[in-house]
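Below is one structure, written out as structure tokens, with a few remarks after it.
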Amino acid sequence: MSRNTQTNELLGYPPDARLLILNADDFGMCHSVNEATIHAIKERLVTSCTLMMPCPWSLHGIRLLKENPDIPFGVHLAAVSEHPHYRWGPVTSPKKVPSLVDEAGYFCDGDHIGEFLQQVNLAELKTKFKAQTEIMLSSGLKPTHLDSHYDIHNRRDDIFDIANQSCP
């Protein structure tokens, strides 16, 4: 069964349905992204958003989602911090997930995703993904879906499986 077929069936559509979902990801990255995302959803430019829990403005994103309970949103699983001067790391202790962080405790940058994918410890990645979804759930919010920053979950089948296991 293809991933598209799985997605369609999970969403309640026939396997051969063609779907268009306009999702604003990176919600929680910074204040301007949060404000632009909410504006785009209210103006019907996008249909949903995904919140990155490790990012500095995720708490603001949680507040905005609570104030707008009709917004479909998901968890944007983050294992990459691509900006060289604006970085983030795991929501758990970096010591629990050493294969996911550099010597400073941050996620790998966008230039090193290939290396990251070769050396990542899958148990640590599962721990990190679960922690991100659990924080979202503990806030009282109920996400409708998940995806991943830099599409990490679609780069290896075993990572795709781990992401699916992290689904709320």
Side-chain angles (χ1 to χ4, degrees), residues 1-29 33-55 58 61-62 64-82 90-91 99-100 107-168:
M1 179 182 304
S2 75
R3 289 186 187 155
N4 288 343
T5 300
Q6 286 177 315
T7 301
N8 286 4
E9 290 177 353
L10 286 170
L11 293 172
Y13 292 92
D16 60 346
R18 300 197 80 184
L19 306 177
L20 175 62
I21 300 169
L22 299 175
N23 184 69
D25 64 7
D26 295 357
F27 193 51
M29 183 184 288
V33 167
N34 288 359
E35 294 296 327
T37 299
I38 294 297
H39 176 78
I41 290 171
K42 287 182 175 181
E43 294 295 318
R44 299 179 185 250
L45 302 172
V46 298
T47 55
S48 65
C49 65
T50 46
L51 180 61
M52 287 199 300
M53 296 310 299
C55 290
S58 63
I62 287 172
L64 291 172
L65 290 170
K66 286 182 175 183
E67 291 172 358
N68 297 277
D70 294 335
I71 293 176
F73 70 93
V75 180
H76 195 49
L77 299 170
V80 175
S81 176
E82 74 274 17
V91 296
S99 75
L100 306 181
F107 291 145
C108 80
D109 61 45
D111 292 337
H112 295 95
I113 291 175
E115 295 164 28
F116 166 80
L117 290 170
Q118 289 177 7
Q119 60 82 39
V120 66
N121 177 302
L122 294 176
E124 292 174 16
L125 189 62
K126 184 176 182 176
T127 295
K128 183 198 68 67
F129 281 175
K130 281 201 168 284
Q132 290 180 20
T133 56
E134 287 171 1
I135 289 171
M136 174 75 74
L137 294 171
S138 71
S139 74
L141 294 172
K142 304 267 189 273
T144 59
H145 63 284
L146 60 79
D147 63 14
S148 67
H149 194 52
Y150 267 67
D151 208 29
I152 293 295
H153 73 290
N154 279 322
R155 294 177 184 244
R156 282 181 33 188
D157 288 341
D158 50 359
I159 294 175
F160 182 82
D161 293 340
I162 289 170
N164 268 346
Q165 294 167 13
S166 302
C167 207

Within the side chain of [X], is there an N or O that forms a donor-acceptor pair under 3.5 Å with the backbone of [Y]?
X	Y	answer
Ser58	Pro54	no
Asn68	Ile71	no
Thr144	Phe73	yes
Asp109	His112	yes
Thr47	Leu22	yes
Gln132	Val75	no

### Message
Once salt bridge (Lys or Arg N to Asp or Glu O under 4.0 Å) is applied, what residue pairs with a partner in residues 64-82 remain, sequence neighbours excluded?
### Response
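Salt bridge (Lys or Arg N to Asp or Glu O under 4.0 Å) check on residues 64-82 returns Arg63-Glu67.
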Could you tell me the separation between the [atom1] atom of [X] and the [atom2] atom of [Y], rounded to the nearest 0.5 Å?
X	Y	atom1	atom2	answer
Arg156	Ile162	CZ	CD1	8.0 Å
Leu122	Asp158	CG	CG	4.5 Å
Lys128	Asn121	NZ	CG	12.5 Å
Phe27	Ile62	CZ	CD1	9.5 Å
Lys126	Lys130	NZ	NZ	6.0 Å
Leu100	Gln119	CG	CD	7.5 Å

### Message
Given Thr50, which partner from the list Asp25, Asn23, Thr37 fulfils the side-chain hydrogen bond (donor to acceptor under 3.5 Å, both in side chains) test?
### Response
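Result: among Asp25, Asn23, Thr37, Asn23 is the only option passing the side-chain hydrogen bond (donor to acceptor under 3.5 Å, both in side chains) with Thr50.
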### Test log, rule side chain to side chain donor-acceptor pair (under 3.5 Å), inputs Asp26 and His76
CA-CA 7 Å; Asp26 295 357; His76 195 49; 3.1 Å; yes
Side chains of [X] and [Y]: does their closest heavy-atom pair fall under 4.5 Å?
X	Y	value
Leu65	Cys49	yes
Leu77	Ile152	no
Leu141	Pro69	no
His145	Ser48	yes

### Query
Looking only at heavy atoms, which two atoms of Phe116 and Cys108 are closest? And how far apart?
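Minimum heavy-atom separation between Phe116 and Cys108: CB-SG, 3.6 Å.
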### Query
If every non-hydrogen atom of Ala78 is compared with every non-hydrogen atom of His149, which pair is closest and at what distance?
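Shortest heavy-atom separation between Ala78 and His149 comes out as CA-CB, 4.0 Å.
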### Query
After noting the C-alpha distance and the side-chain angles of Asp147 and His153, does the key distance pass the side chain to side chain donor-acceptor pair (under 3.5 Å) rule?
CA-CA 7 Å; Asp147 63 14; His153 73 290; over 6 Å; no
### Message
Could you walk me through whether Asp16 and Asn8 satisfy the side chain to side chain contact (heavy atoms under 4.5 Å, CB included) test, starting with their C-alpha distance in whole Å, then the side-chain angles of each, then the deciding distance to 0.1 Å, before giving a yes or no?
### Response
CA-CA 8 Å; Asp16 60 346; Asn8 286 4; over 6 Å; no
### Task
List the steps and the verdict of side chain to side chain contact (heavy atoms under 4.5 Å, CB included) for Phe129 and Leu146.
CA-CA 10 Å; Phe129 281 175; Leu146 60 79; over 6 Å; no
